[in-house]
K.L.:
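I have a structure I would like to understand better, so I am pasting it below and will then ask my questions one at a time.
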Amino acid sequence: MRKVFSNQEIARVLSEIGEYLAMQDVPFKPRAYEKVAVAIEGFEENVSELYGKGGIKALEEIPGVGASIAEKIEELITTGKLKYYEQLKKRTPVDLGTLSSIEGMGPKSVKKLYQKLHVRNLEDLEKAARSGKVKKLEGFGAKSEENILKGIEFLKSSGGRFALGSVLPQARLLEERLSKVKGVSKVVVAGSVRRWKETIGDVDILAVADNSSRIMDYFVRMPEVKRVFAKGATKSMVKLSSGLDVDLRVVPAQSYGAALNYFTGSKDHNVALRQRAIKMGYKLNEYGLFRRQATSDKRQGWKMIAGRTEEELYKALRLSYIEPELRENTGEIEAAAGKKLPSLVGYSDLKGDLQVQTDWSDGSDSIETMAKAAAARGLVYIAITDHTKRLAMTHGLDEKRILKQMSEIDRVNKKLQVSGIKCHVLKGTECDILKDGSLDLSDEALSKLDVVGVSVHSLFNLSRKEQTARIVRAMNNPHVDILFHPTGRIINKRKPYDVDMDEIIKTAKQTGTILEIDAYPDRLDLKDEHIRKCVAAGVRMSIDSDAHSPAHFPVLEFGIAQARRGWAGKDDIVNTQSLVKLREIPKKRRGS
DNA sequence: GCCGTTTTCGGCCCGACTGTTTTCAGTCG
């Protein structure tokens, strides 16, 4: 059978071609490949299937794909290989993906390190840096060597944990497939995936089956299984070719709830639950909740009183049901005992999206396409928030172009209305915060917009004091509505910049600035503990996709999960509001 | 290598920062 390429795989090949071309100082092409890689990664339809239906013509319809790249995609899909790519790789056979994921390492450095020191992968690089060879290279120095080691350290410290965004699709696929195995009545992904933790160590899957050997056989023989660590009647453990470890456990139906609870965790939550059970004279384990009972021969026995469902388990422990996102033993058990758990924002509560990029800057699609895609997902408004001129590489907008974009938005809104599509497009910006906290667009331009988002994209290394003052000043601009991705972190890649979040939250409260929960799975910024502080302080938040293509809107569920982990209710999130109500918020702040 | 409200050929990829340098290459957004 011919291999069906996922969009991610095609995108990875194209983006590596871009990096190889950048190594050789080829002008313009790297940007073309990089851009098309982003477009394909975010493309809604499977590109292989698209090719199957419409051939090379259909490929050329994809934004950023021209005759040359279409041919390359065709070759990759039909032969499983791409000669052009192989040749480039042969010239510099390195683990490009990993090496360039180190902050500060780009294609030129990778090339030089390979040519001078034969660095092919992370281990080679660490060895070379530790032995002091790197700093002796022309163009490198002590500081660069130190930064490389720091980068490696950071990569390792995020060690072995995968971003939820990459794990969840794999986990859902396994869940779906395992549930089709004969004799299986229930399959559910438990563990940190079910709690929507932002990074995942391994995947725990729970199944109820009348014949455990059948599902276990199927599990260890799946095509993507690279190694089988263990295989038994109730528990098997494997490693997938993606590097992910997956455990499967088969439990009896009457213990399903207790097992689900046990394997969902967190460990701290479970320990606290068991302590509560003991105090009540019970015993709690993965098989159920048990009450002590005298038996006829006077020995102690245990009678199971709950465990078929999680609901009955919590009820028997005299707790309200605790959502998986809250199970971290950070006060949820006490709150559940006192019936004081918050009513969390729901997965279908969002009415709009306040951060969306288009092809006016670094997005891949038009305003109209994005609006239609949002409408198809049930969103009734979106704000177009393209980058501003300071981010020149994204072709950020200046005052002149933003005026032009505003009239384009008017045109699109009219067109949507005529065709009966219920999604209103708001005029917005993702305006750069400059070094001193001033903004990249004039107040006059900002005053014309519906939604002004601001964000930091430069000078991540300012001192805590300077960085905080910079952002606080921006938030004090009366035109500013939202602070986008407030800490700037990229999960597993870049630390948040040093900023006093308590001060930011305080300023948000004073100025009425909304803080964003950027739902993009490698950002998830704000993180859960900040969200909880915002909820406590009465600071309102927005959950935005940061979509750069129509296929990105589904990431909103990650943002909602993050909000739930931060105990946020519907009213804490502004874009659960209707457009009419939403519009009142910024207006109030401007005193009009 | 792509693309067309400024163009089917000639733009696109700017500007700041870091670390290495002493005038600049590499990286990032």
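Here is how names work: the chains are called A, B, and so on, in the same order as the sequence lines, proteins then strands, and each is numbered from 1.
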K.L.:
Does Lys506(A), at its NZ atom, have more than 12 non-hydrogen atoms belonging to other residues, nucleotides or ligands within less than 6.0 Å?
P.N.:
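Result for NZ/Lys506(A): open.
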
K.L.:
Check Ile504(A), Ile482(A), Ile433(A) against Met475(A) for a side-chain contact (heavy atoms from CB on, under 4.5 Å) and give me the one that passes.
P.N.:
Ile504(A)

K.L.:
Return yes if some donor-acceptor pair links the side-chain N/O of Thr468(A) with the main-chain N/O of Arg464(A) below 3.5 Å, else return no.
P.N.:
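Yes, Thr468(A) side chain to Arg464(A) backbone: donor-acceptor pair under 3.5 Å.
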
K.L.:
In whole angstroms, how far is the C1' atom of dG29(B) from the CG atom of Asp546(A)?
P.N.:
13 Å

K.L.:
Expressed as a whole number of Å, how far does the P atom of dA25(B) sit from that of dT21(B)?
P.N.:
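Comparing P positions in dA25(B) and dT21(B) gives a spacing of 13 Å.
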
K.L.:
Check for a donor-acceptor pair, side chain of Arg523(A) on one end and backbone N or O of His485(A) on the other, with a separation under 3.5 Å.
P.N.:
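Not confirmed, Arg523(A) side chain does not pair with His485(A) backbone.
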
K.L.:
Kindly give the heavy-atom pair with the smallest separation between Pro107(A) and Ala22(A), and that separation in Å.
P.N.:
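Answer, listing the atom of Pro107(A) first, then Ala22(A): CG-CB, 3.7 Å.
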
K.L.:
For Ile102(A) and dG26(B), give me the distance from atom CD1 to atom P, rounded to whole Å.
P.N.:
18 Å

K.L.:
Which part of the nucleic acid, if any, lies within reach of Ala70(A) when heavy atoms closer than 4.0 Å are counted: base, sugar-phosphate only, or nothing?
P.N.:
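No contact.
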
K.L.:
Expressed as a whole number of angstroms, how long is the span from Asp432(A):CG to dG29(B):C1'?
P.N.:
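So the CG-C1' distance, Asp432(A) to dG29(B), works out to 8 Å.
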
K.L.:
Using the rule given for side-chain contact (heavy atoms from CB on, under 4.5 Å), can you reason through Asp572(A) versus Arg540(A), listing the C-alpha separation, both sets of side-chain angles and the distance that settles it, and then say yes or no?
P.N.:
CA-CA 5 Å; Asp572(A) 296 310; Arg540(A) 301 232 267 180; over 6 Å; no

K.L.:
Under the 3.5 angstrom rule, does the side chain of Asn575(A) hit a backbone N or O of Ile543(A) as a donor-acceptor pair?
P.N.:
yes

K.L.:
What string of B, S and - do you get for nucleotides 4-16 of chain B, 5' to 3', if B is base contact, S is sugar-phosphate-only contact and - is no contact with any protein heavy atom under 4.0 Å?
P.N.:
--S-----BBB-S

K.L.:
Rounded to whole Å, how long is the line connecting atom OH of Tyr497(A) with atom C1' of dG29(B)?
P.N.:
12 Å

K.L.:
Expressed in angstrom and rounded to an integer, what is the separation of Lys108(A) atom NZ from dC28(B) atom P?
P.N.:
12 Å

K.L.:
Using OP1 and OP2 only, check whether a side-chain N or O of Arg494(A) sits under 4.0 Å from dG29(B).
P.N.:
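Yes, Arg494(A) has a side-chain N/O under 4.0 Å of OP1/OP2 on dG29(B).
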
K.L.:
Expressed in angstrom and rounded to an integer, what is the separation of Phe460(A) atom CZ from dC28(B) atom P?
P.N.:
11 Å

K.L.:
Any strand counts, and the cut-off is 3.5 Å on both contacts for Watson-Crick or G-U wobble. Which nucleotide pairs with dC9(B)?
P.N.:
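dC9(B) is paired, partner dG4(B).
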
K.L.:
Rounded to whole angstroms, how far apart are CD on Glu19(A) and C1' on dG26(B)?
P.N.:
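Glu19(A) atom CD is separated from dG26(B) atom C1' by 14 Å.
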
K.L.:
Starting at the 5' end of DNA chain B and moving along, which residue's nearest nucleotide shows up first, Val65(A) or Gly141(A)?
P.N.:
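That would be Val65(A).
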
K.L.:
Just jot down the salt bridge (charged side-chain N to carboxylate O under 4.0 Å, His left out) partners of Glu198(A), sequence neighbours excluded, or say none.
P.N.:
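Checked Glu198(A) against salt bridge (charged side-chain N to carboxylate O under 4.0 Å, His left out); matches are Arg489(A).
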
K.L.:
In whole Å, measure the gap between the P atoms of dG10(B) and dG15(B) for me.
P.N.:
24 Å

K.L.:
Please measure how far the C1' atom in dC13(B) lies from the corresponding atom in dC28(B), and state the result in whole Å.
P.N.:
13 Å

K.L.:
Would you jot down, in residue-number order, the residues of residues 143-150 of chain A having a non-hydrogen atom under 4.0 Å from DNA chain B?
P.N.:
Lys143(A), Ser144(A), Asn147(A)

K.L.:
Checking all strands, does Val36(A) fall into the base, sugar-phosphate, or nothing category for heavy-atom contacts under 4.0 angstrom?
P.N.:
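No contact at all - Val36(A) keeps every heavy atom at 4.0 Å or more from the nucleic acid.
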
K.L.:
When the C1' atoms of dT8(B) and dC3(B) are considered, how many whole Å apart are they?
P.N.:
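The answer is 9 Å between these two C1' atoms.
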
K.L.:
For Lys495(A), give me all partners under salt bridge (charged side-chain N to carboxylate O under 4.0 Å, His left out), at least two apart in sequence or on another chain.
P.N.:
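Not a single residue meets the salt bridge (charged side-chain N to carboxylate O under 4.0 Å, His left out) criterion with Lys495(A).
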
K.L.:
Has Thr385(A) got a side-chain atom pairing as donor or acceptor with Val356(A)'s backbone, closer than 3.5 angstrom?
P.N.:
yes

K.L.:
Distance check, C1' atoms only: dT22(B) and dT18(B), in whole angstrom units.
P.N.:
16 Å

K.L.:
Please state the C1' separation for the pair dT6(B) and dG11(B) - nearest whole angstrom.
P.N.:
10 Å

K.L.:
Provide the distance between the two C1' atoms, one in dC17(B) and one in dC12(B), to the nearest whole Å.
P.N.:
23 Å

K.L.:
Report the distance from atom NE2 of His548(A) to atom CG of Asp362(A), rounding to the nearest 0.5 Å.
P.N.:
3.5 Å

K.L.:
Tell me which of Ser100(A) and Leu137(A) sits closer to the 5' end of DNA chain B, going by the nucleotide each one is nearest to.
P.N.:
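Looking at the nearest nucleotide for each, Leu137(A) comes out on the 5' side.
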
K.L.:
For residues His387(A) and His457(A), establish whether the separation of their ring centroids is below 6.0 Å.
P.N.:
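Yes; His457(A) has its ring centre under 6.0 Å from that of His387(A).
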
K.L.:
Starting from C1' on dC17(B), measure out to CG on Leu434(A) and report it in whole angstrom.
P.N.:
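One finds 14 Å between C1' of dC17(B) and CG of Leu434(A), rounded.
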
K.L.:
With the side chain of Lys72(A) defined as its heavy atoms from C-beta on, choose the nearest nucleotide among dC17(B), dG1(B), dG29(B).
P.N.:
dG1(B)

K.L.:
Taking salt bridge (charged side-chain N to carboxylate O under 4.0 Å, His left out) as the definition, give me every residue that meets it alongside Asp410(A), ordered by chain and number, with sequence neighbours left out.
P.N.:
Lys427(A)

K.L.:
Does anything in residues 109-132 of chain A reach DNA chain B, meaning a heavy atom under 4.0 Å, and if so which residues?
P.N.:
Ser109(A)

K.L.:
Given the C1' atoms of dC14(B) and dC9(B), what is the spacing between them in whole Å?
P.N.:
23 Å

